[in-house]
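We use all heavy atoms of the structure for the numbers below, so side chains are in, but hydrogens, waters and symmetry mates are not.
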Amino acid sequence: MITCKKTNMSAGDHKTVLVTGGSGLVGQAIQTVIGREKPANETWIFASSKDADLTIKDDLHTGRPLSIRNPENALKIKSSIKDNPRITIRELPEDLYISFGTCQTIIKNDLHLKRSPAKFVPHLLMNEQKEHRKETDAAQTRALFDYCCSLWCRDAAQTRALFDYCCSLWCRDAAQTRALFDKHKPTHVIHLAAKVGGLFGNLRANLTYLRTNILINDNVLHTSYQTGVSKVVSCLSTCIFPDKTTYPIDETMIHNGPPHDSNFGYSHAKRLIDIQNKAYHLQHGCKFTAVIPTNVYGPHDNFNLEEGHVLPGLIHKTYMAKDDCLHKFALVWPETGSPLVVWGSGTPLRQFIYSLDLARLIVWALREYQEIDPIILSVGEADEVSIKEAALTVAEAFSYTGEVIFDTSKSDGQHKKTANNAKLCRLRPDFKFTPFHEAVKETVQWFQDNYQTSRK
């Protein structure tokens, strides 16, 4: 019988912490926090992920970032590219033992490559192989499904066997997840990997968000149980709370009603993590828990205008609307002098949390938070801001002086989801959040400095 280990992150014991989704917004922030702390008894592994694929190249951090930007590392990268023109940006960090972020910076600022680093040396054969496998698997699954349906009334046993094979095609990422765990043998896991998107992305594809996230979460949690991981901290979202509820919401209200219709797929998938955490604890004694941040933003966010969340979307829109940026990059839209158009009325209220603040709290939760029940990580109710205020704060950070228009023909989504952070304040009364205006200014500056390589 498999049981979960009972160890804590106490001083003296060496811990190996695996961060799934480690290249995203929160993962990058945790890397920054760990780089500053330099813990001597912890090895941190930040695994990149694309939806459910948890075996993409990862960076290994033993208490601090692996490398710095200097002429020696620049020469290593330049020589490696010269020797192997087909090497990819994902392969460079592992081959040279230089962190992914440092490779990106050197490629952009020292080697002055004009194309996006993720694409400047495409590994064409691998991409072709991947696409071929995807098409083959999808075709096989569709054919088997059709055949199952035709046999349903004639041979139940044969149909069940074929359905089992179909499921093995759909869920093969579970084996890849196990391979990742077997490779690094983590004692602790921070589970950030997810398929995420903004309001309009969720509206278009609720089923996709539901299915993909259920698979990711089950793969990570069950593999953590199977390999004896001591503790898992998963990341939820305040969007999981009921749409029809009283405010402020707290940790006890997650399952009191259905979530908002706009993102019910993602919300239900995230809710199931809380159910799984309790089930693994009751049946196997596992210490699996979760944190519930409010709207996260910061460097390395997804600034895509359609798929990103509200604040990075506002930052990208304002960047595009600014006259000097239009002139500098010769962009064709919006036209010079056009107003900044914000979707919705601007009246919805949100609690925004800076990614570096959230990273510090997640690291604290991994080391010290002992409950299975989740905990809300958020600024206080007094720091809640409207979308209009957020848009004007972004405009101020850009020194944008044009007109700001709110397009009321677009959906507002959930009007408010004010969260109560009393539990956090009780456990961490000394924690100080970065002021909203200051954090937005830092995020805007990062986006301007990294426009060519940022997600958008």
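With contacts defined as side-chain heavy-atom distances shorter than 4.5 Å, the pair M253/D250 qualifies. With contacts defined as side-chain heavy-atom distances shorter than 4.5 Å, the pair F288/S234 does not qualify.
Taking A359 as the reference, A29, I30, V33 meet the side-chain contact (heavy atoms from CB on, under 4.5 Å) condition, with sequence neighbours excluded. Among residues two or more places apart in sequence or in another chain, the salt bridge (Lys or Arg N to Asp or Glu O under 4.0 Å) test is passed with K423 by E371. In this view, Y266 satisfies the side chain to side chain donor-acceptor pair (under 3.5 Å) rule with no residue, not counting sequence neighbours. Residues satisfying the salt bridge (Lys or Arg N to Asp or Glu O under 4.0 Å) test with D218, not counting sequence neighbours, are none.
A side-chain donor-acceptor contact under 3.5 Å links K287 and Q370. With hydrogens and angles left out, the side-chain atoms of Y354 and E442 include a donor and acceptor closer than 3.5 Å. A side-chain donor from one of D412 and S345 sits under 3.5 Å from a side-chain acceptor of the other.
Summarising the geometry, atom OH belonging to Y225 is positioned 13.5 Å from atom CD belonging to Q276; distances are rounded to the nearest 0.5 Å.
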Which pairs would a plain distance check flag for residues 427-434, meaning a side-chain donor or acceptor within less than 3.5 Å of a matching protein atom at least two apart in sequence or in another chain?
{"residue": "R428", "atom": "NE", "partner": "D430", "partner atom": "OD1", "Å": "3.2"}
{"residue": "T434", "atom": "OG1", "partner": "D357", "partner atom": "OD1", "Å": "3.0"}
{"residue": "T434", "atom": "OG1", "partner": "D357", "partner atom": "OD2", "Å": "3.2"}

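By the 30° and 60° cut-offs, the orientation of the rings of Y451 relative to Y319 is parallel.
The salt bridge (charged side-chain N to carboxylate O under 4.0 Å, His left out) contacts involving residues 393-402 comprise nothing, where partners must be two or more places apart or lie in separate chains.
Exactly one of H260, R271, K417 qualifies for a side chain to side chain contact (heavy atoms under 4.5 Å, CB included) with C239. That residue is K417.
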